[in-house]
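Step one of this worksheet: look at the structure below.
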Amino acid sequence: MLAGALALIVGLLVAEIVVGLAASSLALLADAGHMLTDAAALALALVAASFARRPPGGSWTFGFRRVEILAALANGITLALVGIWIVFEAVRRLVSPPDVDGGLVLALAGAGILVNLAAAALLAGPSRNSLNIRGAFLHVTTDLAAFVGTAVAGALILVTGWNRFDPLASLAVAGLIFWSSAILLRESSRILLEISPGEMPPDEVAEAMLAVPDVVEVHDLHVWTVGSGFPALSAHVLVRPEGDCHEARRELAAMLAERFGLQHTTLQVEHARAAAPARH
C-alpha cells in the first residue's frame, strides 16, 4: 500500500524535475518540490507504520503508536516550508516571467494526474484509520489537485502565450499545500498535547458516566488519544455506599465502549463516604 504509492510518486518526481527544467515551468518545479516531500512523507509513513506495529515493551508501555503522530507532524511542517518557498518563487516569476513550454507542462501534468489518482486509490481506505497514512494521503491528493491546476495553466499558455499562468498556478498549489499542512499540524498537535478527541467532550463523557446507576461523583477525568484509533480514558469514580463497585465498573466500561468507542479505560471506583450531590 504505502510502498506501492511511494514507487509511483518517486517515478513521477524524477520525470517532473526533468520536464520542469526543460520547459522552464515553475508550476512543475514547484510541484516537484512538493512531490519530494510526498516521497519523504510516504517513506516516513512507511517507517512509522512499521514501528507502530511493534508490541509494548520495556519503557514503551503504550508501544510505538506515537511515532506515527510524530511522522504526521513532520509532514505538516515540511508542507508549510515547501508552500513558503513556492510563494516566494511565484512572486518573483510574476514580476519577471520566463518562457514556458506549455505543451510539455500539459503532457506531464496529465501523467501526474493519472499517477496520483492511482496512489490516492491505494491510500484512501487506510487513511480513515491512521493519521500517519492520512498525512501521506493528503500529500497525494493535494498533488492531484495541483496537477489539475498545472494542466489548466499549460493549456492556457498554449492558447494565449501568456506565461504568467504558470506562476499563478503555482500560487494555487501553495494554497492547497498550506491547507493540507494546517490539517496535519492541527490534528497531530491535538494528540501530542493530549487534548480530548472532538467527538468525546469531557463534560459529555462525565454526564454519561453520572447517569450510570449508583455513580454519584466523577472527578480527575482525563480523555486523550494515544495514537490513531486509540482513545483512552482515566477517572476516579465514587458510587453510593450501598452500591456495588465492581458492577458499576463493568457498567461504566460497557457504556464508554458502546457510546464513545473507548476500549481502553482506567477507572478507580470507590464507595462515597457519605451521600454526595452529583457533580463533576
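Numbers for residues simply follow the sequence, beginning at 1.
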> Do E251 and P213 come within less than 4.5 Å of each other through their side chains, counting heavy atoms only?
Replying inline: yes
>> Nearest 0.5 angstrom please: W224 CH2 to L192 CG, how far?
In response: 14.5 Å
>> Once side-chain contact (heavy atoms from CB on, under 4.5 Å) is applied, do any residues pair with A74, and if so which ones, sequence neighbours excluded?
In response: L44
> Pairs in or reaching into residues 184-198: which pass side-chain hydrogen bond (donor to acceptor under 3.5 Å, both in side chains), with residues at least two apart or in two chains?
Replying inline: R134-E187
> Listed by chain and number, what are the side-chain hydrogen bond (donor to acceptor under 3.5 Å, both in side chains) partners of R250, not counting sequence neighbours?
Replying inline: E247
> Can you name the side-chain contact (heavy atoms from CB on, under 4.5 Å) partners of R240, sequence neighbours left out?
Replying inline: D214, V216, E242
> Hey, are the side chains of L94 and L171 touching, using non-hydrogen atoms and a 4.5 Å cut-off?
Replying inline: yes
>> Are V14 and V115 linked, directly or through intermediate hydrophobic residues, by side-chain heavy-atom contacts shorter than 4.5 Å (ILVMFWY only)?
In response: no
> Residues two or more places apart in sequence or in another chain: which of them pass side-chain hydrogen bond (donor to acceptor under 3.5 Å, both in side chains) with H222?
Replying inline: none
> Would you call M200 and L262 a side-chain contact if the rule is heavy atoms closer than 4.5 Å?
Replying inline: yes
> So, for A232 and V226, which heavy atoms are closest and what is the spacing to 0.1 Å?
Replying inline: CB-CG2, 4.1 Å
> Do N116 and T141 come within less than 4.5 Å of each other through their side chains, counting heavy atoms only?
Replying inline: no
> So which heavy atom on A90 is nearest to which on S170, and how close?
Replying inline: CB-OG, 3.3 Å
> With H271, which residues qualify under ring-ring contact (aromatic ring centres under 6.0 Å, His included), at least two apart?
Replying inline: none
Anything under 3.5 Å between a donor and an acceptor, one on a side chain of residues 173-181, the other on a protein residue two or more places apart or in another chain? List them.
from : atom 1 : to   : atom 2 : distance (Å)
S180 : OG     : T142 : OG1    : 2.4
S180 : OG     : L176 : O      : 3.2
S181 : OG     : G76  : O      : 2.7

>> Could you work out, with ring-ring contact (aromatic ring centres under 6.0 Å, His included) as the rule, every residue matching W162, not counting sequence neighbours?
In response: F165
>> Testing the basics here: between A253 and L267, what is the closest heavy-atom pair and its distance to 0.1 Å?
In response: N-CD1, 4.5 Å
> Sequence neighbours excluded, which residues qualify as side-chain contact (heavy atoms from CB on, under 4.5 Å) partners of A208?
Replying inline: M255, R259, F260
> Is there a donor in the side chain of H236 and an acceptor in the side chain of E217, or the other way round, less than 3.5 Å apart?
Replying inline: no
>> Are P197 and V223 packed together at the side-chain level, in the sense that at least one heavy-atom pair is separated by less than 4.5 angstrom?
In response: yes
>> Suppose we screen for side-chain contact (heavy atoms from CB on, under 4.5 Å). Which residues come up paired with P201, at least two apart in sequence or across chains?
In response: E204
> Is there a path of hydrophobic side-chain contacts, each under 4.5 Å between heavy atoms of I, L, V, M, F, W or Y residues, that connects L114 with L144?
Replying inline: no
>> If we check side-chain contact (heavy atoms from CB on, under 4.5 Å) with V269, which of these qualifies: V237, L238, D244?
In response: V237
> For L193, what are the other residues in its hydrophobic cluster, where any two members join if their side-chain heavy atoms are less than 4.5 angstrom apart?
Replying inline: I195
> Is the shortest heavy-atom distance from the side chain of L73 to the side chain of I77 under 4.5 Å?
Replying inline: yes
>> In the structure I gave you, are the side-chain heavy atoms of R164 and L156 within less than 4.5 Å of one another anywhere?
In response: no
>> Do L256 and M209 make a side-chain contact, defined as non-hydrogen atoms from C-beta onward lying under 4.5 Å apart?
In response: yes
> Are W85 and L184 joined in one hydrophobic group, where the rule is that I, L, V, M, F, W and Y side chains link up if heavy atoms are under 4.5 Å apart?
Replying inline: yes
